[in-house]
Amino acid sequence: MKLRDPLLRLTAAIIGFSGHLGATPLHLDFLNLVEDKPLLIDSLRYQSGEAETFSVTRLDWLATDFTLVTEEGEKWNLPKQTALVSTRGSSYALPDLPNKRFTSLSFHVGPNKEINHSDPAQYSANHPLNPNLNNLHWDWQGGYIFLAIEGHWRAKGEELPGGFAYHFANDWNRTRITLPIDLTLNNESRIAIALDPQKLLAGLSFAKDGATTHSQPDDPVAERLKRNLQTAFRVVSIQEGDFPRPPGSPSPSTCPPTRWAIPSPSPSTSRCPPSLPTTRF
């Protein structure tokens with residue numbers, strides 16, 4: 001049916017526009033921090049609980065099934081959202097959230113049982129669950145690796161380091177993480193979430209507990225990782241309003257202004273780092 005009256009058409013347009021006012025994205029920046037400092041990749045400087053030092057060369061994991069809870073206790077579940085978090089950090093956007101005050105954010109480390117045992121070939125090339133993209137799927141037994149942390153370790157007094165590879169997986173190890181927040185979502189906002197690998201490995205000894213795990217039942221390394229996940233995550237910062245910038249990106253004043261000119265054939269020498277990649281599905 002066509003609206004011939006101009007006033008009715010204007011009213012309908014206003015109503016249609018207002019229906020989208022409450023749809024606000026929330027950006028999540030996943031960082032790897034040791035205490036308050038960025039994780040230094042492949043640096044044999046971090047301390048375990050058994051007088052062992054270790055480095056991290058890989059820390060990749062899957063965040064799934066996000067849930068936000070409002071101050072009234074209302075839950076907003078986003079079961080189809082999956083983020084692939086890489087060693088150098090990743091950014092992910094949760095779309096179409098209402099303009100409300102949220103008091104907690106939850107997600108799972110690893111996919112649910114149905115997805116874990118589904119055919120991975122169904123996912124497009126840039127989907128977080130595509131094995132060629134995430135390198136977090138076992139061909140030999142099936143199923144996803146929920147979290148992979150790999151690196152080197154050295155015992156006190158030893159000169160040469162050894163290697164370690166902890167692959168946290170299997171349905172019984174899927175872990176829910178809940179973080180308290182205080183966010184009034186009126187505009188695009190950003191939450192920075194840190195994972196501390198030193199806290200993740202707390203209480204483990206590579207020499208005594210072993211330097212590898214495939215998370216089989218009653219595996220003490222996997223059980224310790226599951227417990228440690230609850231304290232290894234924390235909220236670093238919350239930015240409300242306007243369009244926020246990822247942590248560590250330069251302020252506009254430090255970047256050269258845009259010039260509308262034919263680019264020089266010489267390569268760019270700008271030191272302004274790019275923003276963290278944002279993946280939307």
Side-chain angles (χ1 to χ4, degrees), residues 30-64 83-90 107-111 116 131 134-179 193-236:
F30 292 100
L31 314 170
N32 293 322
L33 302 180
V34 178
E35 296 179 350
D36 293 322
K37 297 180 179 180
L39 170 69
L40 297 178
I41 307 300
D42 202 13
S43 179
L44 198 64
R45 65 174 58 201
Y46 301 113
Q47 193 78 25
S48 74
E50 291 290 336
E52 300 165 345
T53 55
F54 70 91
S55 66
V56 176
T57 57
R58 184 190 186 196
L59 180 50
D60 297 340
W61 58 284
L62 294 167
T64 66
L84 169 61
V85 183
S86 67
T87 307
R88 298 189 180 277
S90 303
F107 55 85
H108 285 81
V109 177
N116 192 31
N134 60 41
N135 197 26
L136 289 171
H137 192 272
W138 278 324
D139 293 333
W140 57 280
Q141 73 167 21
Y144 285 92
I145 300 170
F146 301 165
L147 179 148
I149 180 168
E150 302 170 5
H152 299 93
W153 70 279
R154 182 168 57 200
K156 185 176 181 180
E158 297 291 331
E159 293 185 4
L160 299 177
F164 75 91
Y166 289 162
H167 291 174
F168 183 71
N170 290 317
D171 297 327
W172 53 86
N173 285 323
R174 188 176 188 239
T175 305
R176 180 183 178 90
I177 305 298
T178 299
L179 300 171
I193 300 170
L195 171 59
D196 189 330
Q198 193 162 258
K199 291 183 178 180
L200 179 62
L201 299 178
L204 286 170
S205 167
F206 302 107
K208 296 179 181 179
D209 299 316
T212 62
T213 182
H214 292 126
S215 302
Q216 296 304 310
D218 301 320
D219 184 327
V221 173
E223 291 175 352
R224 171 66 72 171
L225 291 174
K226 185 174 183 178
R227 290 196 301 270
N228 288 351
L229 279 170
Q230 297 296 335
T231 55
F233 284 97
R234 65 186 176 91
V235 172
V236 177

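Throughout, residue positions are numbered sequentially from 1 according to the sequence presented.
- The shortest heavy-atom contact between L59 and P197 is CD2-CB, 4.2 Å.
- Contact annotation: the side chain of L31 never approaches that of P38 to less than 4.5 Å [non-hydrogen atoms, C-beta and beyond].
- Across all non-hydrogen atoms, the minimal contact from Y166 to G210 is OH-O, 2.6 Å.
- Below 30°, between 30° and 60°, or above 60°: for F164 and F54 the angle between ring planes is above 60°, a perpendicular geometry.
- Closest non-hydrogen pair, H137 versus P131, comes out as CB-CB, 3.8 Å.
- Taking 4.5 Å as the limit, every side-chain heavy atom of L33 sits out of range of all side-chain heavy atoms of D196.
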Less than 3.5 Å apart, which donor and acceptor atoms pair up between the side chains of residues 145-155 and the rest of the protein, not counting sequence neighbours?
residue, atom, partner, partner atom, Å
E150, OE2, R58, NH1, 3.3
E150, OE2, H167, NE2, 2.7
R154, NH1, E159, O, 3.3

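- For the pair W61/L136, no side-chain contact is recorded, criterion being any heavy-atom separation below 4.5 Å from C-beta on.
- The two residues A169 and S215 make their nearest non-hydrogen contact at N-OG, 3.1 Å.
- Judged purely by atom type and a 3.5 angstrom limit, N116 has no side-chain atom pairing as donor or acceptor with the backbone of N170.
- Within the 4.5 Å cutoff, no side-chain heavy atoms of N135 are placed close to those of D60.
- Checked by atom type and distance alone, the side chain of D209 never pairs as donor or acceptor with a backbone atom of V221 at under 3.5 Å.
- One distance of note links CD of E223 with CZ of F168; it measures 10.0 Å at 0.5 Å rounding.
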Please report, to 0.1 Å, the donor-acceptor pairs under 3.5 Å made by any side chain of residues 198-205, with sequence neighbours excluded.
residue, atom, partner, partner atom, Å
Q198, OE1, Q47, N, 3.1
S205, OG, E52, OE2, 3.0
S205, OG, A207, N, 3.4
S205, OG, K208, N, 3.1

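- Between D219 and K226 there is no side-chain heavy-atom pair separated by less than 4.5 Å.
- Annotation: Q216, atom CD; neighbour count of heavy atoms from other residues, nucleotides and ligands within 6.0 Å is above 12.
- Listed by chain and number, the residues in a side chain to side chain donor-acceptor pair (under 3.5 Å) with T212 amount to none (sequence neighbours excluded).
- Residues Q230 and T175 form a side-chain contact, since some pair of their non-hydrogen atoms from C-beta on lies under 4.5 Å apart.
- Distance check: L39 CG to S55 OG gives 9.0 Å after rounding to the nearest 0.5 Å.
- Residues T64 and R174 have side chains in contact (heavy-atom distance under 4.5 Å, counting atoms from C-beta outward).
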Worksheet item: Checking side-chain contact (heavy atoms from CB on, under 4.5 Å) for the pair F30/L195: CA distance, chi angles, key distance, verdict?
Response: CA-CA 8 Å; F30 292 100; L195 171 59; over 6 Å; no

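- Two residues are said to be in side-chain contact when any heavy atoms from C-beta on lie closer than 4.5 Å; L62 and L84 meet this criterion.
- In this structure, CG on N32 lies 12.0 Å from CD1 on I193, to the nearest 0.5 angstrom.
- T53 contributes no side-chain N or O that, together with a main-chain N or O of Y46, makes up a donor-acceptor pair within less than 3.5 Å.
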